[in-house]
Amino acid sequence: MNYKIIEKDNKIILKDMKNFEPKHIFECGQAFRWHVEEDGSYTAIHKGKVINVKREGRDVVFSNTNRSDFENIWFNYFDLGRDYSKIKEELSKDSVLKEAIKFGQGIRILNQEPFEIIISFIISANNQIPRIKKSIELISRSYGEYIDTYNGRKYFSFPTHDILADADIEDLEKNHKVGYRAKYIVNTSKMIKQGKIDLDSIYSLSTAEGQEKLKKFPGVGPKVSSCILLFAFNKDNAFPIDIWVKRIMEYFYLEEDTKLKDISKFANKKFGDLAGFAQQYLFYYARELGVGKKNKR
DNA sequence: GTCCAGGCTTTCC
DNA sequence: GGAAAGCCTGGA
């Protein structure tokens, strides 16, 4: 890797770390549990550990952690084994991506926990990011376990599929603000609890095969399954098409009202194995620009 | 078999 | 009042 690791005072510091910008990573819509602190750092919980991340000049500082957890948990979570300079160089051959990467140069794709991501993206359908975050927080507080307090804020683990399989649908719907998605959450959790679909088996499947399997869950369609594959199962060629990506793809590459399947085919052909990374740069770019609002018919 | 319209909870702008 | 990281159902 292109950086040096220093450990001190319950912190891990990566010196001269490139391609790592907390704002880009945590606000490109892939993760919903990162809380921004007053000093611009971000705090979240993953695998029963609370961590705080901050960029300080040329370095990135990880607080409330140690060498062992960093190597065993966070190295993989933050995708630190991957060469993002190479990915950006390859994608920059396309002029649109070259511009998009200027906006979100510090984006990385996190490796998150499958069950939490499945439920999070079921909630994301026809929803807004602030509200998605709120629902996930409420669910964790009610059904997860208290783990730690950091900077005055309590952190709770995301509940297991066994817990959510037995949750009350009306309680989720009303008190946790997920609305009609509540039954999808409970029924998906039940399918996993009953062993109808083995999540671990998806790691070794192709993207297309994994997508077919995930779409068996209620509330999971083409877009949500693509997100799950990209953000939890390491499928780099998955290309989730939400309203923003649809707009920006039509704006720069295709005509308006292109069918989702055709956008998908185009993206896979154009970006190939890097489609997932391209999607993240494009999504961030589209939202920064507000593409589509001005472009709308 | 594919395609498409309409409905869905609630919050945010 | 419209839109929001869409999906499900029913009918053509």
Side-chain angles (χ1 to χ4, degrees), chain A residues 23-34 100 103-104 107 109-110 112 114 116-139 167-189 191 211-233 235 238-251 256-265 267 275-297:
Chain A
K23 181 179 189 294
H24 297 167
I25 297 170
F26 307 134
E27 295 187 15
C28 64
Q30 62 176 321
F32 300 109
R33 301 196 74 193
W34 285 90
F103 281 78
I107 285 175
I109 297 185
L110 302 171
Q112 304 182 73
E116 179 174 336
I117 286 296
I118 289 170
I119 302 303
S120 297
F121 280 91
I122 286 175
I123 294 170
S124 79
N126 194 22
N127 211 337
Q128 299 157 298
I129 290 177
R131 217 185 119 211
I132 300 164
K133 285 184 174 176
K134 191 177 204 175
S135 287
I136 293 169
E137 172 72 15
L138 289 169
I139 289 171
D168 181 61
I169 291 179
E170 196 172 333
D171 177 53
L172 284 175
E173 185 180 330
K174 301 284 194 309
N175 301 328
H176 301 80
K177 314 290 183 189
V178 300
Y180 63 91
R181 307 168 191 87
K183 56 183 180 293
Y184 302 154
I185 294 173
V186 171
N187 290 334
T188 291
S189 303
M191 284 171 71
Q211 186 154 31
E212 284 316 301
K213 198 163 237 186
L214 287 168
K215 279 164 68 178
K216 293 186 170 137
F217 290 124
V220 178
K223 191 272 175 182
V224 171
S225 57
S226 300
C227 286
I228 297 167
L229 290 166
L230 182 59
F231 302 140
F233 288 106
K235 305 298 182 200
F239 191 83
I241 304 170
D242 72 301
I243 185 69
W244 291 99
V245 172
K246 181 173 189 294
R247 282 177 189 156
I248 198 167
M249 290 298 288
E250 290 176 348
Y251 186 80
E256 285 184 38
D257 298 325
T258 304
K259 287 175 187 165
L260 293 178
K261 269 192 180 174
D262 294 329
I263 298 177
S264 182
K265 280 182 194 166
F277 300 100
Q279 192 271 1
Q280 285 294 280
Y281 293 119
L282 288 169
F283 177 76
Y284 192 85
Y285 185 39
R287 285 177 64 100
E288 290 289 307
L289 286 183
V291 175
K293 292 185 172 174
K294 61 186 175 189
N295 182 37
K296 205 171 172 185
R297 230 182 264 219

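First the proteins, then the strands, lettered A, B, ... as listed; each starts at 1. All values reported here derive from a predicted model rather than from experimental measurement.
An OP1 or OP2 oxygen of C:dC8 is reached within less than 4.0 angstrom by no side-chain nitrogen or oxygen of A:Arg181.
In plain terms, the two heavy atoms of A:Gln279 and A:Leu230 that are nearest each other are OE1-CD2, 4.4 Å. Considering all non-hydrogen atoms of both residues, A:Asn127 and A:Ile123 come closest at ND2-O, 2.9 Å. Taking both residues in full, the closest heavy atoms of A:Met249 and A:Ala267 are given as CE-CB, 4.3 Å, listed atom of the first, atom of the second, then distance.
The CD1 atom of A:Ile119 sits 9.5 Å away from atom CG of A:Leu172, with the distance rounded to the nearest 0.5 Å. Rounded to the nearest 0.5 Å, atoms CD1 (A:Ile248) and CD1 (A:Ile241) are 13.0 Å apart. Here NZ of A:Lys134 is found 9.5 Å from CZ of A:Arg131. Values are rounded to the nearest 0.5 Å.
Going from atom CD1 of A:Ile119 over to atom P of C:dC7 covers 14 Å, rounded to whole Å. If you take CD1 of A:Ile263 and P of C:dG6, they are 13 Å apart, rounded to a whole angstrom. Summarising the geometry, the separation between CG on A:Leu260 and P on C:dA5 is reported as 15 Å, rounded to the nearest angstrom. Straight-line distance from the CG atom of A:Leu230 to the C1' atom of C:dA5: 12 Å, rounded to whole Å. The CD1-P distance, from A:Ile185 to C:dG6, rounds to 15 Å in whole Å. Atom CZ in A:Phe121 sits about 10 Å away from atom P in C:dG6, given to the nearest Å. In this entry the distance linking CD1 of A:Ile248 with C1' of C:dA5 reads 14 Å, nearest Å. Between the CD1 atom of A:Ile107 and the C1' atom of C:dA5 there is a distance of 14 Å, rounded to whole Å.
At least one side-chain heavy atom of A:Asp242 sits under 4.5 Å from a side-chain heavy atom of A:Val245. Taking the side chain as every heavy atom from C-beta outward, A:Asn126 and A:Tyr180 approach each other to under 4.5 Å. At least one side-chain heavy atom of A:Glu116 sits less than 4.5 Å from a side-chain heavy atom of A:Arg33. The shortest distance between side-chain heavy atoms of A:Leu110 and A:Phe231 does not fall below 4.5 Å.
Other residues, nucleotides and ligands contribute at most 12 non-hydrogen atoms within 6.0 Å of the NZ atom of A:Lys265.
Applying the side-chain contact (heavy atoms from CB on, under 4.5 Å) rule to A:Lys213 yields the partners A:Ile197, A:Ser201, A:Ile202, A:Leu205; only residues at least two apart in sequence or on another chain are considered. With sequence neighbours left out, the salt bridge (Lys or Arg N to Asp or Glu O under 4.0 Å) criterion links A:Arg287 to no other residue.
Checked against B:dT9, C:dC7, C:dA4, the side chain of A:Ile243 finds its nearest nucleotide in C:dA4. Of all nucleotides listed (B:dC3, C:dA4, B:dT9), B:dC3 comes nearest to the side chain of A:Lys261.
As rounded to the nearest Å, B:dT11 and C:dC7 have P atoms that lie 22 Å from one another. The gap from the P atom of B:dC4 to that of C:dA5 amounts to 23 Å, rounded to the nearest Å. Using P as the reference atom, B:dG7 and C:dG2 are 15 Å apart when rounded to the nearest Å.
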Just the dot-bracket of DNA chain C, please: which string comes out with Watson-Crick or G-U pairs under 3.5 Å, [ ] for crossing, | for another strand? ||||.|||||||
Between the protein and nucleotides 10-12 of chain C, are there any N/O to N/O pairs under 3.5 Å, and if so, what are the atom names and distances?
none

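Proximity of residues 122-137 of chain A to DNA chain B (heavy atom under 4.0 angstrom from any strand atom) is restricted to A:Asn126, A:Gln128, A:Arg131. Taking a 4.0 Å limit (strictly below) on heavy-atom distances, residues 170-177 of chain A does not reach DNA chain C anywhere.
Each of A:Tyr251, A:Trp244, A:Phe103 was compared with A:Tyr285 under the ring pair (Phe, Tyr, Trp, His ring centres under 6.0 Å) criterion, and only A:Phe103 meets it.
Comparing A:Phe283 and A:Pro218, the nucleotide of DNA chain C nearest to each residue sits closer to the 5' end for A:Phe283. Nearest-nucleotide positions on DNA chain C for A:Asp242 and A:Tyr184 put A:Asp242 closer to the 5' end.
At the heavy-atom level, A:Val245 lies nowhere under 4.0 Å from the strands shown. Contacts of A:Gly219 with the nucleic acid, taken as non-hydrogen atoms under 4.0 Å apart, involve only primed sugar atoms and P, OP1 or OP2.
Using cut-offs of 30° and 60° for the angle between ring planes, the A:Trp34 and A:Phe26 rings count as parallel.
By the stacking rule of 5.5 Å between ring centres and under 30° between planes, A:Trp244 does not stack on the base of C:dA5.
With hydrogens and angles ignored, a donor-acceptor pair under 3.5 angstrom links the side chain of A:Tyr180 to the base of C:dG6.
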